[in-house]
Participant: 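Dumping the structure here so I can ask a few things about it.
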Number of protein chains: 2
Amino acid sequence: MPDYIYTLTVENKTRPMEQIFTLNGRIWVETASEKILGHGRIELLERIHQSGSIRQAALQMKMSYKQAWDLINHMNTHFKSPLVTSHRGGKGGGNATLTAEGLRIIAEFHRLQDKFKVFLKENSVGMGF
Amino acid sequence: MPDYIYTLTVENKTRPMEQIFTLNGRIWVETASEKILGHGRIELLERIHQSGSIRQAALQMKMSYKQAWDLINHMNTHFKSPLVTSHRGGKGGGNATLTAEGLRIIAEFHRLQDKFKVFLKENSVGMGF
DNA sequence: ATTCGTTATACTTTTAAAAATATAATGATA
DNA sequence: TATCATTATATTTTTAAAAGTATAACGAAT
């Protein structure tokens with residue numbers, strides 16, 4: 001910087017001059033004791049749907065196969081009927097597909113999620129922060 | 001159990017017969033890169049307000065003093081003005097009090113939280129799960 | 001001046017969650 | 001019947017977050 005230019009720095013290191021605060025959040029489905037369904041599980045279901053494989057879905061989400069399997073198993077045993085059916089052996093080594101109930105659950109969650117997005121947007125503007 | 005009593009168990013271990021699913025969620029305030037304010041921090045502010053002490057607030061929440069201090073410091077440096085002022089030494093060893101801005105932020109967050117509670121209740125009934 | 005309980009800060013240890021690893025089971029296909 | 005990639009499951013290792021520990025600074029009250 002040439003020495004005939006002078007600057008006055010008003011902001012400081014720890015508190016940037018302009019910060020944009022937004023309202024964000026998460027919704028999920030739970031019982032009295034545990035979480036049943038949320039963001040991550042829905043994405044997992046969707047990736048299983050498009051790949052036909054638990055392993056591929058897990059890889060795409062950088063999640064261990066074990067974790068993916070545990071989540072699916074948990075959902076399958078906590079909804080009235082399973083959301084995912086899987087088979088091992090055969091062509092490709094095995095496969096996993098969504099049940100009609102699984103697809104319905106995804107759609108239902110998206111419906112809620114869309115309403116929630118509207119809520120967040122509406123309440124983000126004019127926040128007193 | 002006497003042997004003349006017979007029982008028929010219909011539910012199974014992994015899937016209790018009747019499960020009540022409810023919608024739950026959390027909201028918070030964030031910038032593009034980090035969380036600024038949520039549930040826990042609001043509770044911390046409130047407990048500092050009523051106890052006049054960071055240490056007591058932390059103890060009540062079973063949180064380490066360090067964690068409490070870090071959270072407060074983070075808030076103080078990320079809002080336009082500090083939410084908490086603190087002093088060491090003197091009567092009682094030191095103290096912490098909320099600023100007017102701190103009290104305003106609590107009220108503002110509660111306002112949002114109340115609206116969110118309504119949202120959750122409205123969308124919990126008739127959920128397709 | 002000494003005591004006291006708290007604030008402020010650095011450093012170490014614990015803990016729980018997630019990932020990684022290992023291995024058996026499976027069934028279509030070549 | 002040998003191969004293959006995957007499902008299913010147990011066990012071990014890694015990791016990051018939180019808690020715990022230690023210590024200095026502080027100032028009112030005695």
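In what follows, chains are A, B, ... by sequence order, proteins preceding strands, each numbered from 1. Being a predicted model, the structure only gives us computed values, none of them experimental.
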Participant: On DNA chain C, compare the nucleotides closest to B/Lys66 and B/Gly52; which residue's is nearer the 5' end?
Facilitator: B/Gly52
Participant: Ignoring backbone atoms, test whether A/Ser86 places a side-chain nitrogen or oxygen under 4.0 Å from the OP1 or OP2 oxygen of D/dT6.
Facilitator: no
Participant: Which nucleotide in the set D/dT7, D/dA19, C/dA19 lies at the smallest distance from any side-chain heavy atom of B/Gln67?
Facilitator: D/dA19
Participant: Taking the side chain of B/Arg88 as its heavy atoms from C-beta onward, which of D/dA24, D/dT7, C/dT9 lies nearest to it?
Facilitator: D/dA24
Participant: Nearest-Å distance, NE2 (B/His87) to P (D/dA28)?
Facilitator: 11 Å
Participant: Backbone N or O of A/Pro82 within a donor-acceptor pair of the A/Thr99 side chain at under 3.5 Å?
Facilitator: yes
Participant: OP1, OP2 of C/dG5 versus side-chain N and O of B/Ser53: anything below 4.0 Å?
Facilitator: no
Participant: Can you label the angle between the A/Phe21 ring and the B/Phe79 ring as parallel, tilted or perpendicular, going by 30° and 60°?
Facilitator: perpendicular
Participant: Can you figure out which of C/dT9, D/dA19, D/dA28 approaches the side chain of B/Lys91 most closely?
Facilitator: D/dA28
Participant: Where the side chain of A/Arg55 is concerned, which of D/dT7, C/dC11, C/dA19 is the nearest nucleotide?
Facilitator: D/dT7
Participant: From C/dA20, D/dT7, C/dA8, pick the nucleotide closest to the side chain of A/Ile54?
Facilitator: D/dT7
Participant: Knowing that exactly one of A/Val84, A/Leu83, A/Ile105 qualifies, which makes a side chain to side chain contact (heavy atoms under 4.5 Å, CB included) with A/Met75?
Facilitator: A/Leu83
Participant: Is there a donor-acceptor pair under 3.5 Å between the side chain of B/Glu108 and the backbone N or O of A/Gly128?
Facilitator: yes
Participant: Both A/Gly93 and A/Trp69 contact DNA chain D. Taking the nearest nucleotide for each, which residue is further toward the 5' end?
Facilitator: A/Gly93
Participant: Please tell me if B/Gln56 has a side-chain N or O lying less than 4.0 Å from either OP1 or OP2 of C/dT6.
Facilitator: yes
